[in-house]
Amino acid sequence: MKIIYHCYGGAHSSVTASAIHLGWLPEDRIPRDGELLCLPYFDRPINKDHGHIRFMGIDEFENEIYVVGRRNAKKIFENISSGICRIYGWQETDIKFVNVMPFVNWKMVVGGFTSRRLLFTPVGRPIIIAGVKDSYWKFVNLTKDIKKEIRA
Amino acid sequence: MKFFFLCRTGHHTSLLAAGLYLKFVETKTSSEEVSKLPGYNEIEFADIGTPFFVGRDHHNNEVYTIGVSTKPELLSRVVGDLLNLLNKNPADWQVVNFYDCVTPFTRIGIWLKRFKLNHLAILMFRAGMRKELELLSNKLERCIKPLYPESA
């Protein structure tokens, strides 16, 4: 199965959720700053990277995990994804799209904009990390729910 | 092979392109006749992004249109990467972005349609049609003719 975590920029919430899913980040404690900064793509993508579906890894059930930033085109992205999957006969058991945006908080928005759009990374990055830590348990619960769903 | 033609809504400019490619219409066809293409201007804005099947060419290739609203670069990357993910053989699909062929008349028509000013919108679509058909014909020559010299 392919699981695609998507968010605005594909740089913070989707990367964090996919990393938790892959076991790269702990499920029993808040990660340290360094653990987040070591993640591939964490606070790295810029505008021209949006839209690219990037491979993160394979989980313990052999599912392929991807992330993508789709800016504020959530509805169109969902229409395109479901439509193209239908054309190729892919079912819900073959591919799953997970929207991580409901768990994004204002710190992640402000920090993300400052770091990725304005490129004031030394200012934005600590704000993002604080934001990710604030929402961390929500990301953990999300990935647990997704794993439960795909095992059912 | 599957062709995916992109434009703002998937039911205006790209549909004209598909109509030209499939020989449903020609560059000299009247705007009134062109407007009768199946699916032309038949789109709800919430459905933008859902692929629309237009027809098959004489090589049995399927032609679809997809709307990308005002985010052509972002969503054409999504379409391309998703197709790559679902179908590893790039020779089995081609994405052609006709966003640059959308005339100001069509843009204004889409805007009017948003405000349910449908009669004015149709006037705008017809006003831009002649120019768009020429632009689309040239682009089809460049993008599709190398594959199928007898088609464009």
Side-chain angles (χ1 to χ4, degrees), chain A residues 1-11 14 18 41 45-58 62-101 116-117, chain B residues 1-11 14-15 18 39 43-56 60-97 99 110 114:
Chain A
M1 188 181 196
K2 297 183 197 304
I3 300 171
I4 301 178
Y5 287 95
H6 61 95
C7 67
Y8 186 93
S14 54
S18 62
Y41 309 121
I46 53 176
N47 273 3
K48 66 176 178 61
D49 299 316
H50 295 165
H52 281 306
I53 301 175
R54 286 167 278 128
F55 176 69
M56 289 291 280
I58 296 181
E62 305 285 313
N63 300 308
E64 295 172 16
I65 311 300
Y66 299 83
V67 297
V68 63
R70 42 80 180 147
R71 283 196 229 137
N72 56 359
K74 170 181 166 287
K75 186 73 183 113
I76 304 175
F77 172 79
E78 286 173 347
N79 289 343
I80 287 174
S81 319
S82 56
I84 290 179
C85 288
R86 211 169 19 248
I87 289 169
Y88 283 95
W90 281 59
Q91 314 285 339
E92 272 180 29
T93 46
D94 302 313
I95 189 163
K96 187 164 187 61
F97 296 91
V98 184
N99 179 19
V100 194
M101 283 305 292
R116 296 294 87 217
R117 191 68 185 269
Chain B
M1 188 170 189
K2 297 185 195 330
F3 290 109
F4 296 91
F5 292 174
L6 310 185
C7 74
R8 279 204 171 204
T9 62
H11 285 258
S14 56
L15 190 55
I43 181 73
E44 297 296 328
F45 286 97
D47 295 331
I48 288 178
T50 304
F52 177 71
F53 176 68
V54 186
R56 287 176 190 273
N60 210 31
N61 299 315
E62 296 171 11
V63 181
Y64 295 86
T65 59
I66 299 180
V68 292
S69 191
T70 53
K71 296 174 172 56
E73 292 96 8
L74 167 76
L75 291 167
S76 59
R77 285 195 284 266
V78 169
V79 172
D81 280 15
L82 205 49
L83 289 169
N84 220 19
L85 203 62
L86 302 183
N87 182 353
K88 291 291 179 192
N89 185 0
D92 285 348
W93 50 269
Q94 184 173 359
V95 178
V96 186
N97 192 349
Y99 196 88
I110 293 168
R114 268 194 196 277

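Because the structure is a prediction, the values reported are computed rather than measured. The basis for the numbers below is simple: all heavy atoms, side chains too, and nothing from hydrogens, waters or symmetry mates. Residue numbering restarts at 1 for every chain, and letters A, B, ... go by the order of the sequence lines.
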Query raised in the report: Minimum heavy-atom separation for B:Arg77 to A:His52, with atom names?
Result: CD-NE2, 3.1 Å
Requested in this report: Taking all heavy atoms of B:Pro51 and all of A:Ile84, pick out the closest pair and write down the distance.
Outcome: CG-N, 3.9 Å
Query raised in the report: With only heavy atoms counted, which part of A:Asn47 is less than 4.5 Å from chain B, the side chain, the backbone, both or neither?
Result: backbone
Report summary line: Cut-off 4.5 Å, heavy atoms of chain B, and the answer for A:Ser81 is both
Query raised in the report: Are any side-chain N or O atoms of A:Asn79 and backbone N or O atoms of B:Ala46, one a donor and one an acceptor, separated by less than 3.5 Å?
Result: yes
Query raised in the report: Looking at A:Tyr88 and B:Leu86, what are the two nearest heavy atoms and their distance?
Result: CD1-CD1, 4.4 Å
Query raised in the report: What is the minimum heavy-atom distance between B:Leu85 and A:Ile53, and which atoms define it?
Result: CD2-CG2, 4.3 Å
**Report entry** Side chain / backbone / both / neither for A:Phe55 at chain B, heavy atoms under 4.5 Å
**Finding:** neither
**Report entry** Heavy-atom proximity to chain A below 4.5 Å, by part of B:Leu74
**Finding:** both
Report summary line: One should read off an interatomic distance between A:Arg54 CZ and B:Asp81 CG, to the nearest 0.5 angstrom, of 9.5 Å
Requested in this report: Sort B:Phe53 into side chain, backbone, both or neither according to what part of it lies under 4.5 angstrom from a heavy atom of chain A.
Outcome: neither
Report summary line: B:Lys71 and A:Ala73 have their tightest heavy-atom pair at CD-CB, 3.7 Å
Report task. Please look at A:Arg86 and chain B and tell me whether the side chain, the backbone, both or neither of the residue comes under 4.5 angstrom of a heavy atom of that chain. Result -> side chain
Requested in this report: Tell me, out of A:Val68, A:Ile76, A:Ile4, who's got the most heavy-atom pairs with chain B below 4.5 Å.
Outcome: A:Ile76
Query - Atom of B:Leu82, atom of A:Phe97 and distance for their closest heavy-atom approach - result: CD1-CZ, 4.1 Å
Query raised in the report: Got a sec: does the CZ of A:Arg117 have more than 12 other heavy atoms crowding it under 6.0 Å?
Result: no
**Report entry** Steps toward side chain to side chain contact (heavy atoms under 4.5 Å, CB included) verdict (A:Ile87, B:Phe4)
**Finding:** CA-CA 11 Å; A:Ile87 289 169; B:Phe4 296 91; 3.9 Å; yes
